[in-house]
Amino acid sequence: MSTSVSAAERVRALRAEIEEHDYRYYVLDAPQIPDAEYDRLFRELQALEAAHPELASPDSPTRRVGGKVLDAFAPVRHAVPMLSIRTETDTEASGAFAFDARVRRELKLGDGAPPVEYAAELKFDGLAISLRYEDGRLVRAATRGDGETGEDVTENVRTVAQIPARLRLQEGRAAPPVLEVRGEIYMRRADFERFNARALAAGEKPMVNPRNGAAGSIRQLDSKIAASRPLSFFAYGLGEVVGWPLPETHGATLDALAAFGVPVCAERAVVKGPQALADFHRRMGERRAGLPFDIDGVVYKVNSRALQEQLGFVTREPRWAVAHKYPAEEALTRLLGIEVQVGRTGAITPVARLAPVFVGGVTVTNATLHNADEVERKGGLCIGDTVIVRRAGDVIPQIVGVVAERRPADARPFVMPTACPVCGAHVVREEGEAVTRCSGGFSCSAQRIQAILHFAGRRMMDIEGLGERYVERLVEFEYVHGVADLYRLTLDDLLEMKRRADERDGTVPETVKAGQIATRWAENLLAGIAASKSPKLSRLLFALGIRHVGESTAKTLADWLGRFDWVRRAPAPLLAVLPDIGATVAAAIADFFAEARNASAVDALFAAGVAPADEHAPHPGLAERLAWSELYAALGIPKLTPVRARQLAAVADGERLADGLPADHELPAEVAEAVLAWLAATGNGSALRRLASLRGEILAALPAADIATAVPRSAVAGKTLVLTGTLPTLAREAAKEMIEAAGGKVAGSVSKKTDYVVAGADAGSKLDKAQALGVAVIDEAQLLALLQLDNEGETP
DNA sequence: TATCCTCGAGTTCA
DNA sequence: CTCGAGGATA
């Protein structure tokens with residue numbers, strides 16, 4: 001070893017001194033030496049480490065400048081899972097009382113028992129992180145991930161000045177062999193603003209909000225970038241601990257962490273009973289805006305570790321802690337105008353244009369108003385009004401109401417237009433319906449554009465490269481009138497269209513390069529269109545945009561009838577016997593195909609080479625549903641109740657009935673009269689014959705054996721699941737497909753009938769609802785286990 | 001007939 | 001995510 005003893009010693013001394021200054025500066029916020037002096041020490045250490053590479057150490061303060069660039073973050077399995085915390089949905093102070101009541105009930109404390117002691121702290125709006133210290137040295141930092149496995153972000157976390165690379169130890173005390181500190185990396189508001197001011201001045205992209213800034217910084221692969229971001233940290237708990245006696249209470253644990261030199265927020269309290277918690281909630285709510293960092297609520301924890309252990313966990317959430325959030329942030333802004341949009345179905349939707357306002361972490365400029373009733377309900381919004389805006393469920397902007405006293409004298413009330421703003425056709429509002437619709441149909445270009453966009457959408461035909469911009473142009477320049485025209489587009493068409501569009505917009509010079517890019521774009525789009533020619537039947541049905549036929553109904557049609565042709569030819573009564581399809585939806589489907597323009601559009605589509613790839617035999621259960629008694633009940637004959645329909649079916653099948661009511665029927669006279677009247681009405685007789693003939697055709701194609709018995713059934717078969725949050729490895733769509741392939745159902749909202757809620761990261765209100773209803777909550781791993789599990793085994 | 005539940009449709013912003 | 005409306009159910 002050529003390293004001189006003095007160099008090694010000097011390095012050690014410098015590190016100790018710098019660490020001490022770091023602690024005083026970053027954690028205690030009370031620097032003891034001038035910045036220039038600190039910089040001198042820091043540079044001396046850098047120089048020594050450079051001259052003696054063998055003295056480098058991962059926990060040297062010099063590591064804070066970053067340097068390593070990674071390809072990806074390695075997964076890290078948490079020794080103790082990182083918990084999520086239940087959110088008290090009640091935003092009022094009663095949330096604290098509800099929590100206390102649950103705790104007392106679980107602990108079987110009577111009314112006479114003394115109040116429970118709680119630790120109350122802030123819920124920081126940042127990024128949860130686990131810091132692993134071994135023998136006092138920071139060896140690993142990991143994100144929460146799914147709670148079981150996170151990402152190794154050690155390099156980036158080392159650049160956070162507030163996080164000590166080594167724990168401070170009291171004189172003569174040894175460091176714990178293993179101490180995992182759990183906490184939140186966040187960005188102070190002032191740091192965030194300073195950073196953004198500089199970024200803007202440098203022409204760089206600013207961060208959206210402190211939370212995104214913190215999360216984005218930690219997820220940088222280049223630790224130099226992370227080092228340039230002003231991040232802070234607060235500890236709030238522990239993970240794995242080995243060889244260190246745990247304090248008796250949560251409050252004492254945080255005190256101990258603070259003594260180790262780890263930043264702990266001073267805004268915390270140990271209190272007794274729910275009223276004190278509610279007071280803390282209210283007090284912090286009042287001070288919220290004045291805090292140097294963002295919080296989205298407060299957290300209550302049972303203080304005693306012994307009681308925590310007694311309370312235990314439900315799935316992955318401790319029963320001894322809750323987050324009590326504040327109501328969504330609201331802001332005031334001016335209503336600059338109300339525009340109306342025309343949707344695919346012709347629905348005219350008023351949308352509020354707002355003076356940009358920063359609320360809930362983003363700048364909001366638009367908010368839907370849904371329909372005329374809604375505008376009325378918000379207090380008869382007028383252009384020029386001052387309105388209250390919030391982000392509902394933290395996502396969709398919502399207008400809460402109007403500040404009546406601030407209405408200017410020249411405020412103009414909003415009135416629903418009487419003519420479509422796009423095509424000029426008159427608008428209609430059906431009796432009892434909330435939506436106003438453009439009557440233009442096909443002749444309304446807005447509806448055509450939206451219909452084509454819907455057709456091309458990801459869950460429908462999934463045509464890549466066909467976005468709003470191009471659809472608008474294709475329709476505007478009349479290259480495309482209906483969806484079938486997409487399949488006739490040529491390279492020349494697209495290039496010509498682009499040229500005309502560019503010319504009109506007066507953009508894009510005619511260079512050789514631009515031409516090449518245009519050709520590339522057109523080729524990609526044509527490839528995307530061509531690739532969509534063999535969709536699944538359900539997707540094709542969904543893509544057509546039939547009213548009331550969404551993803552789920554399209555799937556029902558495809559599953560039960562199996563062939564496009566049968567869906568197309570099916571009269572309404574036949575459709576109405578399918579599950580979840582009633583008279584309205586059945587009529588909408590039959591009407592769609594009866595309409596000449598739709599029929600020819602469908603023909604054109606098939607002529608262009610589009611064909612469903614997965615047509616199959618009808619559903620085995622269809623025979624039962626196609627019983628004449630069911631069909632008769634669905635015919636809509638007045639007075640023919642389901643009971644009478646069964647009576648009628650006993651004596652006559654459809655074909656016979658079309659010839660006339662048999663003499664041996666036992667129907668009451670007035671019912672028989674109604675049936676005869678119905679048969680006599682124009683077209684009904686022949687419609688019945690067509691129904692009978694199609695019915696025969698479908699039944700003849702029914703598979704002989706019951707397929708259901710042959711297919712192994714997984715534990716999710718027949719179960720209803722709801723997905724919420726972001727799953728660690730599975731995309732939402734992939735999870736859905738797996739569940740459906742196993743015979744399960746994926747619903748959009750949680751109810752009593754839900755069997756499982758599959759919760760991922762950042763699960764929202766659905767998780768709360770599941771807990772409120774006592775629905776089982778599982779994670780991705782448990783879902784996968786369920787999918788594998790045979791139905792005969794017990795569900796976990 | 002009333003009630004509960006699920007589905008469809010429309011929408012925001014980065 | 002929210003709303004309204006349609007379907008199933010008691």
Side-chain angles (χ1 to χ4, degrees), chain A residues 205-209 211-213 215-216 328 339-354 356-375 377-378 389-400 429-437 446-447 450-451 453-454 457 459-460 468 541-542 544-557 575-589 633-634 642 720-725 745-754 762-769 773 775:
Chain A
K205 224 180 129 213
M207 298 170 178
V208 181
N209 56 44
R211 201 199 106 84
N212 287 9
E339 286 175 22
V340 289
Q341 294 180 349
V342 184
R344 163 168 69 88
T345 61
I348 308 238
T349 310
V351 178
R353 303 286 172 218
L354 305 166
V357 59
F358 195 73
V359 55
V362 294
T363 305
V364 168
T365 50
N366 300 312
T368 177
L369 293 167
H370 297 108
N371 54 54
D373 287 352
E374 195 69 13
V375 176
R377 211 171 309 150
K378 306 282 187 219
V389 179
R390 75 160 169 233
R391 293 221 298 159
D394 271 353
V395 188
I396 312 266
Q398 187 185 26
I399 290 189
V400 183
R429 184 172 169 187
E430 296 284 333
E431 188 74 32
E433 282 212 342
V435 288
T436 307
R437 288 198 153 81
Q447 290 187 53
Q450 293 300 318
L453 272 172
H454 172 80
R459 284 140 74 221
M460 302 80 177
E468 186 163 1
L541 289 167
F542 184 21
L544 292 177
I546 305 166
R547 269 254 246 157
H548 301 300
V549 178
E551 203 171 11
S552 179
T553 308
K555 201 163 263 170
T556 303
L557 292 170
L575 296 167
V577 299
L578 301 180
D580 299 313
I581 295 178
T584 314
V585 178
I589 299 166
T720 300
L721 292 85
V722 171
L723 302 171
T724 179
K745 230 179 103 173
V746 175
S749 53
V750 180
S751 73
K752 278 186 292 188
K753 290 191 179 168
T754 309
D762 298 322
S765 62
K766 290 185 208 168
L767 183 56
D768 302 336
K769 188 148 184 214
L773 293 171
V775 172

May I have the list of side-chain donor-acceptor pairs in residues 358-367 of chain A shorter than 3.5 Å, sequence neighbours left out?
residue, atom, partner, partner atom, Å
A:N366, OD1, A:R353, NH1, 2.5

Atom-to-atom span, [atom1] of [X] to [atom2] of [N] - whole angstrom:
{"X": "A:R547", "N": "C:dG6", "atom1": "CZ", "atom2": "P", "result": "9 Å"}
{"X": "A:F542", "N": "B:dG8", "atom1": "CZ", "atom2": "C1'", "result": "8 Å"}
{"X": "A:H548", "N": "C:dG4", "atom1": "NE2", "atom2": "P", "result": "16 Å"}
{"X": "A:L575", "N": "C:dG7", "atom1": "CG", "atom2": "C1'", "result": "15 Å"}
{"X": "A:E374", "N": "B:dG10", "atom1": "CD", "atom2": "C1'", "result": "12 Å"}
{"X": "A:H454", "N": "B:dT11", "atom1": "NE2", "atom2": "C1'", "result": "16 Å"}
{"X": "A:F358", "N": "B:dC13", "atom1": "CZ", "atom2": "C1'", "result": "12 Å"}
{"X": "A:E468", "N": "B:dT12", "atom1": "CD", "atom2": "P", "result": "11 Å"}

Does the side chain of [X] get closer than 4.0 angstrom to OP1 or OP2 of [N] through an N or O atom?
{"X": "A:T584", "N": "C:dA5", "result": "no"}
{"X": "A:T553", "N": "B:dG8", "result": "yes"}
{"X": "A:T345", "N": "B:dG8", "result": "no"}
{"X": "A:T365", "N": "B:dC13", "result": "yes"}
{"X": "A:N366", "N": "B:dC13", "result": "yes"}
{"X": "A:Q341", "N": "B:dT11", "result": "yes"}

*Toward the 5' end of DNA chain B, which comes first, A:G343 or A:V364, by nearest nucleotide?*
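Of the two residues, A:G343 wins.
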
_First of A:T363 and A:T349 reached from the 5' end of DNA chain B, by closest nucleotide_ =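 In this pair, the answer is A:T349.
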
Considering all heavy atoms, the nearest [X]-[Y] contact:
{"X": "A:H548", "Y": "A:T553", "answer": "O-OG1, 3.7 Å"}
{"X": "A:H370", "Y": "A:T368", "answer": "N-OG1, 3.1 Å"}
{"X": "A:N371", "Y": "A:A434", "answer": "CB-O, 3.4 Å"}

Between N or O atoms, less than 3.5 Å apart, protein on one side and nucleotides 8-10 of chain C on the other: list the pairs.
residue, atom, partner, partner atom, Å
C:dA8, OP1, A:D580, N, 2.6

*Nearest of B:dC7, C:dG7, B:dA9 to any side-chain atom of A:S552?*
B:dC7

*Compare the minimum distances between each of C:dG4, B:dT11, C:dG7 and the side chain of A:T368, then state the nucleotide with the smallest one.*
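My answer, after comparing the listed nucleotides, is B:dT11.
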
*Does A:I581 reach the side chain of A:L557, with side-chain heavy atoms less than 4.5 Å apart?*
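In short, these two side chains touch, coming nearer than 4.5 Å.
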
*So do the side chains of A:Q450 and A:V342 get within less than 4.5 Å of each other, counting heavy atoms only?*
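Side chain of A:Q450 against side chain of A:V342, heavy atoms only: no contact under 4.5 Å found.
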
_Mind checking if A:V435 touches a base, just sugar-phosphate, or nothing, with heavy atoms under 4.0 Å?_
nothing

_Charged N-O contact under 4.0 Å between A:E374 and A:K378_ =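 Between A:K378 and A:E374 there is a salt bridge, with a charged N closer than 4.0 Å to a carboxylate O.
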
*Listed partners of A:D373 passing salt bridge (charged side-chain N to carboxylate O under 4.0 Å, His left out), at least two apart*: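 For A:D373 the salt bridge (charged side-chain N to carboxylate O under 4.0 Å, His left out) partners, ignoring immediate neighbours, are A:R429.
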
